[in-house]
**Student:** 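The structure's right below; bear with me while I get my questions together.
Residue numbers start from 1 in every chain, and the chains themselves are labelled A, B, ... in the order their sequence lines are given, proteins ahead of strands.
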Amino acid sequence: MTATPVVTRFAPSPTGFLHIGGARTALFNWLYARHTGGRMLLRIEDTDRQRSTEPAVAAILDGLKWLGLDWDGEPVSQFSRLDAHKVVVERLLETGNAYRCYCSREELDAMREKAMAEGRPPRYDGRCRHRDPADAPTGIPPVIRFRSPEDGETVIADRVQGTVTFANKDLDDLIILRSDGTPTYNLSVVVDDHDMGVTHIIRGVDHLTNAARQSQIYVALGWPVPVMAHIPLIHGADGAKLSKRHGALGVEAYREMGYLPQAMRNYLARLGWSHGDDEVFSTEQMIEWFDLDAIGKSAARFDFVKLDNLNGHYMRATPDDELMALLLDTLPHLPGGPAFAGRLDAKARAALRSALPGLKERARTLTELVDAAGFLVATRPLSCDDKALALLGDEARAMLAGLHASLERLATWDAAALEQAVREFAEANELKLGKVAQPLRAALTGRTTSPGIFDVLIVLGRKESLGRIADQARPK
RNA sequence: GCGCCCUUCGUCUAGCGGUCUAGGACAUCGCCCUUUCACGGCGAAAACACGGGUUCGAGUCCCGUAGGGCGUACCA
């Protein structure tokens, strides 16, 4: 392993939160760097001063941290490298690889419209390309365009897309320096990736055309072109572009929905990448197995149902104490979480911890877990949901009165005694256990779903349990 | 419009010319377990977009067609 160490980078633009596609791009960069023993750098592409915001930068860093993705070194602000970019533009100008263009926006718009009308691609026609500098208009701040090759083709050897060929005649002379003197994206990216020593560029296919233009700039500068890997995009559940309802949410929204970082990593990794038939794997395995060659080329749809299933798997697999800590940490972000936390005194906390094994078995997200744990902190008289209410008919209520009497006589309030008492009660009244257990569950939890009923009786304790049964033990 | 890319069960995917009567997972349906729900177990249904080639042989290679995506900015 004496080859050049791999350096990848994640380069989001801080114009909003870290959305799911960006999160997966970050994950792939991270996995590849870790897999190869290399480094992953973070660069904030904030050269668009109009749209970049500080809160967005914070949200992106926070999102990455939540996902468990770390980066090497300090995040680099692309804007801060402005001077380095200008130096390179100057160099391009001196070597004849760039030229000043004085075309106005109106002129460019007209050019585009005309080309479209004539069925030609709307490209810059190069009218300033060969203009004699002596004829340059005065009083107009020019932009600087890259002088791209007019003939031949530009070939991208992409690790995911394969060999992609662009005819150079289709790539026009792009602007690399705006009239206000600031560099544009394609120039900045090349300079930064080069200066930061990036060896592998892993990003969305929406950058494929940029890859061709950037490749030309690398060549003009005499710099080696990094290895490219353009990964497919993620679509919404209906196959259309990601929208708010389809998963184009910030990663923090996934935290709020109660998903575990580990589950997110696993799910995201399986979107576009595969390792045979493996579906559930640890982050360590992911790092060991990850490779660019196993990334597919077609776009994937985001499926919350499968995410739910995976998340449920991880919830059950997480040791109770760990899950408890995770839940407590996440409470501030969960719907109803702060209220729930507010009612979590020492006693309720202990009850939650002891009910956790039964609770996590039935929840797919932390949000569902909090919801299902509501009965632990609820105060009498309980409000029942509709399904629970349906279970509490007059007959059931009368039955509960009898059960209450039986349980009240119990000398010890433990699992064995309770189970025996309930079973005996059912037998004595010629009832199936379910006929007793379900109304009992409804009375104790206000729900039709809960941990095992005897566990519930224990967790709530004698007084609270008898109280809740008594509340429902009379006709309504 | 032009350029590039994509197309295997509803969804994510395995498949890298013969081992494919196409495998796995989620979802769906049925059965079992069971105090409910869930978990778990067993089983079922479910796909190579279409049309031409190439080849002894094509899901796998080539070319069209259709559908979809991305790009086409003094955004990134």
**Student:** Taking rU28(B) as the reference, what is the distance to rC62(B) when you measure between their P atoms (whole Å, please)?
**Tutor:** 39 Å
**Student:** Look at the side chain of T209(A) against the base of rC4(B) and say whether a donor-acceptor pair falls under 3.5 Å; ignore hydrogens and angles.
**Tutor:** no
**Student:** Looking at T8(A) and H200(A), would you say the former's side chain and the latter's main chain have a donor-acceptor pair under 3.5 Å?
**Tutor:** no
**Student:** Side chain of R362(A), base of rU36(B): donor and acceptor closer than 3.5 Å?
**Tutor:** yes
**Student:** Of all the choices, rG3(B), rC12(B), rA76(B), which nucleotide is nearest to the side chain of L271(A) once you look at every atom?
**Tutor:** rC12(B)
**Student:** Identify whether any heavy atom of T449(A) sits under 4.0 Å from a base atom; if not, whether one sits that close to sugar-phosphate; answer base, sugar-phosphate or nothing.
**Tutor:** base
**Student:** May I ask which nucleotide in the shown strands pairs with rG64(B), Watson-Crick or G-U wobble, both distances under 3.5 Å?
**Tutor:** rC50(B)
**Student:** Sort out for me which residue in Q285(A), H313(A), R270(A) forms a side-chain contact (heavy atoms from CB on, under 4.5 Å) with V280(A).
**Tutor:** H313(A)
**Student:** Looking across every strand, which nucleic acid part, if any, lies under 4.0 Å from E45(A) by heavy atom: base, sugar-phosphate, or nothing?
**Tutor:** sugar-phosphate
**Student:** Round to the nearest Å and state the distance from D293(A) atom CG to rG15(B) atom P.
**Tutor:** 12 Å
**Student:** Under 4.0 Å: is that the gap between some side-chain N or O of S274(A) and OP1 or OP2 of rA14(B)?
**Tutor:** yes
**Student:** Check every atom of rC6(B), rG24(B), rA76(B) against the side chain of E279(A) and return the nucleotide holding the closest atom.
**Tutor:** rG24(B)
**Student:** I'd like to know if D206(A) reaches the base of rG71(B) with its side chain, counting only an N/O donor and acceptor under 3.5 Å.
**Tutor:** no
**Student:** When the P atoms of rC70(B) and rG30(B) are considered, how many whole Å apart are they?
**Tutor:** 39 Å
**Student:** Within the structure shown, what part of the strands sits under 4.0 Å from Q161(A) by heavy-atom distance: base, sugar-phosphate, or nothing?
**Tutor:** sugar-phosphate
**Student:** Categorize R51(A) for me: base, sugar-phosphate, or nothing, with a 4.0 angstrom heavy-atom threshold over every strand shown.
**Tutor:** base
**Student:** Is the phosphate of rU11(B) approached by K306(A) (side-chain N or O, under 4.0 Å from OP1 or OP2)?
**Tutor:** no
**Student:** Of the listed nucleotides (rC74(B), rC26(B), rU11(B)), which one gets closest to any side-chain atom of V305(A)?
**Tutor:** rC26(B)
**Student:** Does Q50(A) reach a base, just sugar-phosphate, or nothing at all? Heavy atoms under 4.0 Å.
**Tutor:** nothing
**Student:** Please work out if T165(A) contacts a base, only the sugar-phosphate, or nothing of the nucleic acid, heavy-atom cut-off 4.0 Å.
**Tutor:** sugar-phosphate
**Student:** On RNA chain B, does the nearest nucleotide to P141(A) precede the nearest nucleotide to L208(A) from the 5' side, or the other way round? Give the residue.
**Tutor:** L208(A)
**Student:** So what's rU35(B) paired with, Watson-Crick or G-U wobble, going by both distances under 3.5 Å?
**Tutor:** none
**Student:** Please report the distance separating the P of rG18(B) from the corresponding atom of rU11(B), rounded so that it comes out in whole Å.
**Tutor:** 27 Å
**Student:** Taking any heavy-atom pair under 4.0 Å as a contact, classify S298(A): base, sugar-phosphate, or nothing.
**Tutor:** sugar-phosphate
**Student:** Between Y124(A) and F146(A), does a ring pair (Phe, Tyr, Trp, His ring centres under 6.0 Å) hold up when you go through it step by step?
**Tutor:** CA-CA 11 Å; Y124(A) 178 63; F146(A) 177 69; over 10 Å; no
**Student:** Hey, is the side chain of R423(A) poking within less than 4.0 Å of OP1 or OP2 on rU35(B), counting only N and O atoms?
**Tutor:** yes
**Student:** In whole angstroms, how far is the C1' atom of rG67(B) from the NE2 atom of H235(A)?
**Tutor:** 13 Å
**Student:** Between rA76(B) and rC16(B), how far apart are the P atoms? Round to whole Å, please.
**Tutor:** 43 Å
**Student:** Please determine, for rA45(B), whether a Watson-Crick or G-U wobble partner exists with both distances under 3.5 Å, and give it or none.
**Tutor:** none
**Student:** Side chain of V164(A) only, please: which of rG24(B), rC4(B), rA73(B) is the nearest?
**Tutor:** rC4(B)
**Student:** Ignoring hydrogens and angles, answer whether the base of rA76(B) and the side-chain atoms of N210(A) contain a donor-acceptor pair closer than 3.5 Å.
**Tutor:** yes
**Student:** What's the gap between rA14(B) and rC56(B) when it is taken at their C1' atoms, as a whole Å value?
**Tutor:** 27 Å
**Student:** Rounded to the nearest Å, what distance is computed from the CZ atom of residue R112(A) to the P atom of nucleotide rG71(B)?
**Tutor:** 16 Å
**Student:** Less than 4.0 angstrom from a charged side-chain N to a carboxylate O is my criterion; do D293(A) and R159(A) meet it?
**Tutor:** yes
**Student:** Where the side chain of H35(A) meets the backbone of I287(A), is there a donor-acceptor pair that is under 3.5 Å apart?
**Tutor:** yes
**Student:** Tell me which nucleotide among rU35(B), rC39(B), rG69(B) gets nearest to the side chain of F454(A).
**Tutor:** rU35(B)
**Student:** If the cut-off is 4.0 Å, is N309(A) near the phosphate of rA25(B), judged by side-chain N/O to OP1 or OP2?
**Tutor:** no
**Student:** If you look at every strand shown and take non-hydrogen atoms under 4.0 Å, does R447(A) touch a base, only sugar-phosphate, or nothing?
**Tutor:** nothing
**Student:** Please state how far atom NZ in K435(A) lies from atom C1' in rU36(B), giving the value in whole angstrom units.
**Tutor:** 12 Å
**Student:** For rA76(B), is there a stacking contact with H207(A), counting only centres under 5.5 Å and planes under 30°?
**Tutor:** yes
**Student:** Give me the distance, rounded to whole Å, that separates rC12(B) from rA47(B) when you measure between the C1' atoms they each carry.
**Tutor:** 13 Å
**Student:** Using heavy-atom distances to pick each residue's nearest nucleotide on RNA chain B, tell me which of R24(A) and K169(A) is more 5'.
**Tutor:** K169(A)
**Student:** Touch check for D172(A), heavy atoms < 4.0 angstrom, all strands: base, sugar-phosphate only, or nothing?
**Tutor:** nothing
**Student:** Can a salt bridge be assigned to the pair R105(A) and E107(A) using a cut-off of 4.0 Å between side-chain N and carboxylate O?
**Tutor:** no
**Student:** Consider only side-chain N and O atoms of Q214(A) and N186(A), and report whether a donor and an acceptor are under 3.5 Å apart.
**Tutor:** yes
**Student:** Counting only side-chain nitrogens and oxygens, does T47(A) get under 4.0 Å of the OP1 or OP2 atom of rA76(B)?
**Tutor:** yes
**Student:** What is the separation between atom CD on E107(A) and atom C1' on rC74(B), rounded to the nearest whole Å?
**Tutor:** 14 Å
**Student:** Can you tell me the base-pairing partner of rA14(B)? Count Watson-Crick or G-U wobble geometry only, both distances below 3.5 Å, and say none if there is no partner.
**Tutor:** none
**Student:** Does G296(A) reach a base, just sugar-phosphate, or nothing at all? Heavy atoms under 4.0 Å.
**Tutor:** nothing
**Student:** Measure from the side-chain heavy atoms of R316(A) and tell me the nearest of rA14(B), rC12(B), rC39(B).
**Tutor:** rC39(B)
**Student:** Does E153(A) pair with K169(A) as a salt bridge, N-O distance under 4.0 Å?
**Tutor:** no
**Student:** Going through the distances and angles, do L444(A) and F375(A) end up as a side-chain contact (heavy atoms from CB on, under 4.5 Å)?
**Tutor:** CA-CA 8 Å; L444(A) 293 171; F375(A) 78 92; 6.0 Å; no
**Student:** Who is the Watson-Crick or G-U wobble partner of rC2(B), with both distances under 3.5 Å?
**Tutor:** rG71(B)
